[in-house]
Amino acid sequence: MSYVDEVYELVVAKNPAQPEFHQAVKEVLESLRVVIEADEEAYRKDALLERLTVPERIIQFRVPWVDDKGQVQVNNGFRVQFNSAIGPYKGGLRFHPSVNLGIIKFLGFEQIFKNSLTGLPIGGGKGGSDFDPKGKSDREVMAFCQSFMTELCKHIGADTDVPAGDIGVGGREIGFLFGQYKRIRNLYEGVLTGKGLTYGGSLARTEATGYGLLYLTEEMLKCNGKDIAGKTIAVSGAGNVAIYAIQKAQQLGAKPVTCSDSTGWIYDPDGIDVALLKEVKEVKRARLTEYAAARPNAQYHEKKNGEHGVWTIKCDIALPCATQNELDLEDAKALVANGCFAVAEGANMPTTLEATEYFQKNNVLFCPGKASNAGGVATSALEMSQNSERLSWTFEEVDAKLKGIMVNIFHNLDDASKKYGLAGNYVAGANIAGFLKVAEAMKAQGIV
Ligand code: NDP
Ligand code: 2IT
């Protein structure tokens, strides 16, 4: 059996009931086949792939907190420190009821390659909890965050592991987490990114993932003889990534016409009203029904099981920005039938493996999240640089660096795909380019 297949079987056997982790590993290993098989014995002797797929450290802990009724609640907390070959662990925290160890491992594994692609010195990690911030008071969120950080602070630090936001973790949560870290450790350091601007945050970090997604999409289109201006875009999600993707798409002359949340979705044929969307989601933390109520031409659809939501709308470009496996084979078929020619992932692994294959077979330009959503973590690394030099850069400086990084990422994966005879396969290009740097660093550092 080939080394790649052997390691994949081992991962499945040793990590039972973690389907998202298996899926992420499968995608990466399939892409690496051409690289590994060219030098299989050396990789096997070093157990490079086994070391790559086993996290350096997993921290799992109890998070007890008291709700507004005086009831004690208990959640599970996780931090997976996956790979520190090229820098301190770096990656977000996700607070969502679906969070379990397998999901955090899939996200941490993806983060290794994403962070490598940014060209910046950051290793891969991820964490989170099955805590649901929805419907909780600010005091409850604070109580949870303080309890979560009381344990997490023993394992992180500006040069060790630097968490940030992800689903359910935004500016409010980062503030509470930072306050508790500083209080317990008595250290004012850049231990978290996505901080508020008054206490060490970077301008443009809030916008970075969505803006970066559009910078990369624009470059991918340009290199394939297409222009983003005038294109209709279907976007899913209505959170941090989706909102700023919609905003930048509009600035580039495109027309995003959809968004969605966990309970329903919007089709707004006039184009999404970003100011209204921000008011509903960022300020009121309300449902999209409030968006529809304020926009007479917008249609609101309740989310139903097995229904294909935003992907049934005719569009040129699709940007999935909500969550993993939200775009399946049926959705891919509907998009292709409607003339969609490009897909770039804002979320982490939103497209199933079958859907990805379908896009590739049908010549849809497809960019995987580990490349197209890397603008968030890249700007987090820029926040770390600013914290280290105790200076703040202007919005324009950070935004220009972000754009340069995204354009560079696209060319790196495009070049890697061509070098290995897989031109146009940006999934393979991203995985190979991300892997080579990490593998080189791991080899140089010996068996650790
Ligand atoms: P937010 O919490 O800000 O927003 C998430 C959005 O997706 C919300 O609209 C939410 O709905 C919706 N959503 C979440 N879970 C589901 C679900 N199971 N079904 C349907 N809709 C769902 O998170 P982000 O925007 O930060 O993250 C979105 C994606 O982007 C994630 O995959 C994340 O890992 C990825 N990502 C985020 C980065 C960042 O910097 N924030 C960087 C790179 C990737 P509702 O409003 O109802 O909660
Ligand atoms: O998935 C991701 O890249 C993030 N949630 C952002 C991580 C970070 O450290 O900014």
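Both counts, for ligands and for their atoms, begin at 1 and track the order of listing. Heads up: numbering here begins at 1 and tracks the sequence.
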Quick one: nearest non-hydrogen protein atom to [atom], plus distance?
atom                    : value
atom 19 (N) of ligand 1 : Lys303 NZ, 3.4 Å
atom 34 (O) of ligand 1 : Asp166 OD1, 2.6 Å
atom 47 (O) of ligand 1 : Ser262 OG, 2.4 Å
atom 48 (O) of ligand 1 : Lys134 NZ, 2.8 Å
atom 25 (O) of ligand 1 : Val241 N, 3.0 Å
atom 16 (C) of ligand 1 : Thr323 CG2, 3.8 Å
atom 31 (C) of ligand 1 : Ala322 O, 3.3 Å
atom 9 (O) of ligand 1  : Ala238 N, 3.0 Å

Side chains of residues 313-321: which donor-acceptor partners sit under 3.5 Å, not counting sequence neighbours?
| unit_1 | atom_1 | unit_2 | atom_2 | d |
| --- | --- | --- | --- | --- |
| Lys314 | NZ | Asn338 | O | 3.0 |
| Asp316 | OD2 | Thr232 | N | 2.8 |

Residue-level breakdown please: for [X] versus ligand 1, do any non-hydrogen atoms fall below 4.0 Å on the side chain, on the backbone, on both, or on neither?
X      : value
Arg205 : side chain
Thr209 : side chain
Ala208 : neither
His96  : side chain
Arg287 : neither

request  = Check each of Leu288, Asn240, Ile243 against atom 3 (O) of ligand 1 and report the one with the nearest heavy atom.
outcome  =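 Looking at heavy atoms only, Asn240 sits closest to atom 3 (O) of ligand 1.
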
ask   = Considering only heavy atoms, which of Gly239, Ser260, Gly168 lies nearest to atom 2 (O) of ligand 1?
value =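 Comparing heavy atoms across Gly239, Ser260, Gly168, the nearest one to atom 2 (O) of ligand 1 lies in Gly168.
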
key: Per-atom contacts, ligand 1 versus Cys321 - under 4.0 Å to a heavy atom   =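 In order of numbering, the contacting atoms are 28 (C), 29 (C).
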
Mind checking whether [X] has a heavy atom under 4.0 Å from ligand 1?
X      : value
Gly170 : no
Arg94  : yes
Thr263 : no

Is there side-chain contact between [X] and [Y], with heavy atoms separated by less than 4.5 Å?
X      : Y      : value
Phe341 : Leu221 : yes
Thr160 : Pro88  : no
Ser147 : Pro64  : yes
Phe178 : Met149 : no

Side chains of [X] and [Y], donor plus acceptor under 3.5 Å:
X      : Y      : result
Thr263 : Arg287 : yes
Gln111 : Asn348 : no
Glu20  : His22  : no
Glu189 : Tyr181 : yes
Asp68  : Ser137 : yes

query = Is there any side chain to side chain donor-acceptor pair (under 3.5 Å) pair reaching into residues 400-411, and which pairs are they, with sequence neighbours excluded?
reply =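 Only Glu219-His411 qualify under side chain to side chain donor-acceptor pair (under 3.5 Å).
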
ask   = Does anything in residues 91-108 pair up under side chain to side chain donor-acceptor pair (under 3.5 Å), and if so which pairs, sequence neighbours excluded?
value =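 Output for this query lists Asn15-Lys105, Gln18-Lys105, Arg94-Asp166, Arg94-Gln324, His96-Ser98.
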
task = Please work out which of the three classes, parallel, tilted or perpendicular, describes the rings of Phe21 and Phe109, given edges at 30° and 60°.
result =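 Perpendicular.
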
request  = Name the orientation class of the two ring planes belonging to Trp65 and Phe144 (parallel below 30°, tilted from 30 to 60°, perpendicular beyond 60°).
outcome  =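 Rings of Trp65 and Phe144: perpendicular, over 60°.
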
Give every pair formed by an N or O atom of ligand 2 and a protein N or O atom closer than 3.5 Å, one pair per line with both atom names and the distance to 0.1 Å, or write none.
| unit_1 | atom_1 | unit_2 | atom_2 | d |
| --- | --- | --- | --- | --- |
| ligand 2 | 1 (O) | Lys114 | NZ | 3.0 |
| ligand 2 | 1 (O) | Lys126 | NZ | 3.0 |
| ligand 2 | 1 (O) | Asn348 | ND2 | 3.0 |
| ligand 2 | 3 (O) | Gln111 | NE2 | 3.0 |
| ligand 2 | 3 (O) | Lys114 | NZ | 2.7 |
| ligand 2 | 5 (N) | Lys126 | NZ | 3.3 |
| ligand 2 | 5 (N) | Gly165 | O | 3.0 |
| ligand 2 | 5 (N) | Asp166 | OD1 | 2.9 |
| ligand 2 | 9 (O) | Lys90 | NZ | 2.7 |
| ligand 2 | 10 (O) | Arg205 | NH2 | 2.9 |
| ligand 2 | 10 (O) | Ser380 | OG | 2.6 |

Examine [X] against ligand 1 and note whether any of their N/O atoms are separated by less than 3.5 Å.
X      : value
Gln324 : no
Lys114 : no
Ala242 : no

inquiry  = Centroid separation under 6.0 Å, is that true for the rings of Phe410 and Tyr426?
reply    =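 Yes, the ring of Tyr426 comes within the 6.0 Å limit of the ring of Phe410, centre to centre.
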
Ring centroid separation Phe148 to Phe176 under 6.0 Å =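 No, the ring of Phe148 stays outside the 6.0 Å limit from the ring of Phe176, centre to centre.
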
Within 6.0 Å of NZ in Lys437, more than 12 heavy atoms from elsewhere =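 Yes, the 6.0 Å shell around NZ holds more than 12 heavy atoms from other groups.
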
